[in-house]
A.B. asks: 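Before anything else, here's the structure in question.
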Amino acid sequence: MSIKEIFETLDYGPAPEATDVASDWLERHGRRFGHFIGGRFVKPAGGETFATYHPGDARELAQVAQGDERDVAKAVKAARAAQGAWQELGGHERARYLYAVARHVQKHARLLAVLEALDNGKPIRETRDLDVPLVARHFYHHAGWAQLLESEFPAYTAVGVCAQIIPWNFPLLMLAWKVAPALAAGNTVVLKPAEFTPLTALLFAELAAEVGLPAGVFNVVTGDGRTGAALVDAEGIDKVAFTGSTEVGRSIRKATAGRGLKLSLELGGKSPFIVFDDADIDSAVEGVVDAIWFNQGQVCCAGSRLLVQESVAARLEAKLIARMESLREGPPLDKGIDIGAIIAPVQLSKIERLVAQGREEGARCYQPSWSAPKDGWYYPPTLFTDVSPAATIAQEEIFGPVIVSMTFRTPAEAVELANDTRYGLAASVWTENVNLALDIAPRLKAGVVWVNCTNQFDAAAGFGGYRESGFGREGGREGMFEYLKPRYEGGLTRYAATDLADPAAAADITAGLDEATAPLGIDRTPKLYIGGKQKRPDGNYAYPVVSATGVRVGDAPLGNRKDVRDAVEAAVKGTAWTKATAHGRAQVLYYVAENLSARAPEFEARVRSLTGVTRRAAAREVSKSVERLFSAAAYADKYDGSVHPTPMRNVTLAMNEPFDVLAIVCPDEAPLLAFVSLVAPALAMGNRVVAVPSARWPLLATDLYQVFDTSDVPGGAINIVTGVRDELAQVLARHDAVEAMWYLGSAAGSAMVERESAGNLKATWVNSGKQRDWYDDAQASGPELLRRATRVKNVWVPYGE
Ligand code: NAI
Ligand code: MG
């Protein structure tokens with residue numbers, strides 16, 4: 001054999017990482033674990049346990065506890081008991097703990113990496129070089145947020161007890177993403193790791209206790225979905241943070257509806273990997289390897305849809321097929337392995353089923369000539385070409401090493417194809433043309449966009465989805481808000497039953513609508529405002545508007561579900577508003593303010609006749625409304641994003657983007673001021689709005705039509721439907737084209753909106769039947785509303801040759 005021949009046929013020898021550290025740790029616990037509650041391991045109330053396995057050889061690693069409601073209640077109680085003192089420690093003291101945790105993670109990096117590779121089946125190379133270092137990085141970074149909490153978030157305070165449920169694909173990393181910000185902000189935690197991978201969370205709990213983290217601050221309850229559901233249902237929690245499947249995310253959205261809980265959901269994806277013809281094709285090939293074969297493709301943001309410009313598709317696919325051949329799949333603990341094992345037989349069958357379906361649907365399937373090991377749960381890297389965009393494998397999250405390839409001709413077609421999904425977690429764009437990349441990135445409906453790179457993560461940058469990929473961000477400043485609440489919230493009170501502004505009382509007024517409704521008057525009755533035009537309501541009915549003193553002041557159109565749909569459609573089409581420059585939107589809002597101001601006496605009279613307030617109070621409501629318009633206009637080009645200092649050679653642009661369509665349901669009190677306070681910032685950020693004004697006193701909103709008409713507000717930017725609040729709200733909450741919704745009304749209405757929003761998982765903000773002071777700028781103006789009116793997209797742009 002010549003040297004050349006030897007070189008060419010050279011194979012890798014086995015390079016196994018020793019597992020003794022992990023075995024020792026498992027043995028020390030007798031390969032049997034309870035929950036970790038109140039600073040120590042405790043036996044499960046029901047005594048039931050189940051096995052966790054090493055997917056690389058299907059062998060059992062240990063028995064862990066199956067938690068039930070009793071275990072969950074105990075953990076929540078421990079977290080509750082610890083919360084006050086933890087918060088009162090202050091940012092600096094908590095920072096010291098988080099810093100110590102980070103140090104301790106680094107000190108035990110090898111044990112953590114080996115145990116993670118064992119329990120999950122992912123390559124040791126990944127746990128060692130990626131998962132564990134990122135976990136340490138996350139705790140260091142958030143030690144910093146704890147330190148800076150009081151100065152950087154002075155208007156915010158901890159949420160309380162956080163229930164956190166995580167998946168099996170990045171067990172430790174998902175723990176870190178959830179636990180670090182929660183603890184930094186002064187919350188305490190009950191974590192439920194996934195049933196397939198509970199071990200590193202238990203080890204982490206032990207390590208945290210070793211550095212002296214106070215008992216009860218961090219608790220772990222293990223178990224399957226039933227345990228997760230029990231935790232979501234538990235009394236005494238203040239927040240649920242979930243990462244996992246969209247299906248379970250949806251069930252959690254419903255289960256938490258109306259309970260006044262904060263919620264963040266990080267769900268599935270079907271992320272596009274877009275390659276333009278001027279891309280560096282060899283880099284793109286390595287990008288695909290990272291996008292879909294990293295972690296066996298069991299990655300929520302995996303680039304699983306390869307979209308290639310037609311002219312380079314054949315070349316890219318050929319290179320990819322060749323590259324697949326040289327990937328090494330095998331024992332996860334082997335240091336030379338690229339692809340490890342699939343988490344569990346159930347996941348393996350899901351992948352097999354979908355691949356079979358892809359073949360049946362006529363796509364062409366490529367797999368390497370070598371076969372995957374048989375002694376564990378393995379699946380080979382797989383590429384589908386000739387895939388139709390509507391095919392199951394092009395739409396469903398496979399969560400395995402399977403990528404589907406499609407082609408496009410123009411950038412516009414690429415964007416359309418990329419957005420042809422119900423998900424919106426991540427996207428990757430490959431081109432050497434920076435102009436093209438930065439033109440495409442904002443048009444992609446995804447929370448993260450990687451330019452000429454993929455699967456980059458860092459604690460300083462937010463991660464999270466658009467659409468059915470969920471809401472909320474993890475990492476960065478934006479992620480901290482998921483574990484904080486405005487201080488003023490603690491002071492809000494429920495509407496009193498006798499309160500004239502009580503939404504329930506308003507509902508009474510419209511309750512007898514059957515008798516009260518009358519055909520719409522021809523001349524004096526206002527209409528709806530849809531697509532920049534006044535429109536008669538579909539049903540042609542009006543309802544009486546009665547003043548606070550019981551006088552019938554006029555009628556308002558009674559909008560129905562058809563009207564809501566028309567309004568949403570107009571908003572969907574009103575893209576001109578979103579595309580306008582921030583400066584342009586500001587000018588329009590200033591103009592609205594100017595025109596409202598010019599007609600102040602008329603609006604003051606209307607406020608008085610409806611609400612019965614004094615002349616002075618009416619004048620105050622109108623002038624404050626003008627001020628709010630000014631404030632929103634001012635913010636239009638000032639509520640800007642940031643550049644996150646991630647430790648790679650790149651700039652990470654955190655951009656505040658509007659939702660396409662934001663629905664706003666207004667309360668009854670302060671009928672002009674509340675409407676303006678809510679709608680103006682939403683418009684300023686570029687949202688197209690469908691608003692339901694005060695159901696009781698809608699005439700101030702209908703009086704605004706002329707103001708809008710004379711202020712150059714483009715059609716579709718603001719659409720107004722009057723009528724019975726909760727009836728209209730329900731249609732909006734169920735509407736798939738509405739991406740976000742604010743509801744300020746009754747507690748029951750708030751619960752309904754949260755529940756009904758589960759369909760497309762819109763981001764909701766409800767008042768839970770609590771009244772706010774519309775004259776208080778902290779409650780009704782400024783960054784908190786702007787934050788609610790936007791979602792952060794992180795665009796990673798590498799630099800350097
Ligand atoms: P899953 O969503 O069922 O599990 C995630 C976590 O939620 C686990 O800790 C689980 O015990 C818990 N859970 C399950 N049902 C629950 C419930 N009703 N209430 C509260 N918690 C509950 O995901 P699973 O079954 O492990 O995988 C199924 C599919 O979901 C995968 O094939 C994949 O497509 C997708 N998935 C997506 C992930 C992502 O990060 N986007 C992560 C894991 C799975
Ligand atoms: Mg396992």
A.B. asks: Can you see whether Y423 has R467 sitting over its ring - NZ or CZ less than 6.0 Å from the centre and within 45° of the normal?
C.D. replies: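 No, R467 does not lie over the aromatic ring of Y423.
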A.B. asks: Does anything in residues 152-170 form a salt bridge (charged side-chain N to carboxylate O under 4.0 Å, His left out)? List the pairs, not counting sequence neighbours.
C.D. replies: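 For residues 152-170: E152-R477.
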A.B. asks: State which residues pass ring pair (Phe, Tyr, Trp, His ring centres under 6.0 Å) with Y483; sequence neighbours excluded, sorted by chain then number.
C.D. replies: none
A.B. asks: Any side-chain donor-acceptor pair under 3.5 Å between R253 and T764?
C.D. replies: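 Looking only at side-chain atoms, T764 and R253 do form a donor-acceptor pair, the distance falling under 3.5 Å.
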A.B. asks: Would you say the side chain of H142 lies within less than 4.5 Å of the side chain of M480, judging by non-hydrogen atoms?
C.D. replies: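 Touching, per the 4.5 Å side-chain cut-off.
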A.B. asks: Return yes when atom CZ of R96 has more than 12 non-hydrogen atoms of other residues, nucleotides or ligands closer than 6.0 Å, and no otherwise.
C.D. replies: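 It does not: R96 CZ has 12 such atoms or fewer within range.
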A.B. asks: If the threshold is 4.0 Å, N to carboxylate O, is there a salt bridge linking E474 and K178?
C.D. replies: yes
A.B. asks: Under 4.0 Å between a side-chain nitrogen and a carboxylate oxygen: does that hold for E17 and R110?
C.D. replies: yes
A.B. asks: Do Y488 and R772 meet the criterion of a side-chain donor-acceptor pair at a distance under 3.5 Å?
C.D. replies: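 Yes.
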A.B. asks: Check R791 with E739, please: is the shortest side-chain N to carboxylate O separation under 4.0 Å?
C.D. replies: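 The answer is yes: the pair qualifies as a salt bridge.
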A.B. asks: For residues E397 and S304, is any side-chain donor paired with an opposing acceptor at under 3.5 Å?
C.D. replies: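 Their side chains do not contain a donor-acceptor pair, so the 3.5 Å distance test is not met.
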A.B. asks: Between the side chains of N120 and T197, does any donor sit under 3.5 Å from an acceptor?
C.D. replies: no
A.B. asks: Going by an N to O cut-off under 4.0 Å, is there a salt bridge joining E754 and K254?
C.D. replies: no
A.B. asks: So, N767 versus S750: side-chain donor-acceptor pair below 3.5 Å or not?
C.D. replies: yes
A.B. asks: With a sphere of 6.0 Å drawn around CZ of R59, does it hold more than 12 non-hydrogen atoms of other residues, nucleotides or ligands?
C.D. replies: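 At most 12 heavy atoms, drawn from other residues, nucleotides or ligands, come within 6.0 Å of this atom.
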A.B. asks: CZ of F204 to CG of L213: how many Å apart, nearest 0.5 Å?
C.D. replies: 8.0 Å
A.B. asks: With the side chain counted from C-beta on, respond yes when L231 and V221 share a heavy-atom pair under 4.5 Å apart, and no when they do not.
C.D. replies: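 No, too far: nothing below the 4.5 Å cut-off.
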A.B. asks: Taking the six-membered ring for Trp, are the ring centroids of W177 and F242 within less than 6.0 Å of each other?
C.D. replies: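 No, too far apart.
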A.B. asks: Would you call V190 and Q164 a side-chain contact if the rule is heavy atoms closer than 4.5 Å?
C.D. replies: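 V190 does not reach Q164 side chain to side chain.
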A.B. asks: Between the side chains of W168 and Q347, is a donor N or O closer than 3.5 angstrom to an acceptor N or O?
C.D. replies: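 No - no donor-acceptor pair under 3.5 Å links their side chains.
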A.B. asks: With the side chain counted from C-beta on, respond yes when R94 and L149 share a heavy-atom pair under 4.5 Å apart, and no when they do not.
C.D. replies: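 A side-chain contact exists here, since the closest heavy-atom pair is under 4.5 Å.
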A.B. asks: Between F481 and F153, how do the two ring planes meet: parallel, tilted or perpendicular, split at 30° and 60°?
C.D. replies: perpendicular
A.B. asks: Give, for atom CZ of R259 and atom CG of D238, the distance between the pair rounded to the nearest 0.5 Å.
C.D. replies: 10.5 Å
A.B. asks: Can a donor-acceptor pair be found between the side chains of T49 and Q63 at a distance below 3.5 Å?
C.D. replies: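 T49 vs Q63: donor-acceptor pair found between side chains.
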A.B. asks: Does a salt bridge link E247 with R250, judged by any charged N lying under 4.0 Å from a carboxylate O?
C.D. replies: no
A.B. asks: Got a sec: does the NZ of K239 have more than 12 other heavy atoms crowding it under 6.0 Å?
C.D. replies: yes
A.B. asks: Go through the steps to decide whether Y99 and F139 satisfy the test ring-ring contact (aromatic ring centres under 6.0 Å, His included), and finish with yes or no.
C.D. replies: CA-CA 7 Å; Y99 179 76; F139 279 95; over 10 Å; no
A.B. asks: State, without any angle test, whether N760 and E468 hold a side-chain donor-acceptor pair at a distance under 3.5 Å.
C.D. replies: no
A.B. asks: Assess whether side-chain contact (heavy atoms from CB on, under 4.5 Å) is satisfied between L425 and Y466, documenting all intermediate values.
C.D. replies: CA-CA 6 Å; L425 195 48; Y466 278 32; over 6 Å; no
A.B. asks: Return the orientation label for the F170 and F294 ring planes: parallel under 30°, perpendicular over 60°, tilted otherwise.
C.D. replies: tilted
A.B. asks: Check this for me, if you would: do D68 and R226 make a salt bridge, where the nitrogen-to-carboxylate-oxygen distance has to be below 4.0 angstrom?
C.D. replies: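 No, no charged N to carboxylate O under 4.0 Å.
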A.B. asks: Taking the side chain as C-beta and beyond, is there a heavy-atom pair between E784 and Y156 under 4.5 Å?
C.D. replies: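 In short, these two side chains touch, coming nearer than 4.5 Å.
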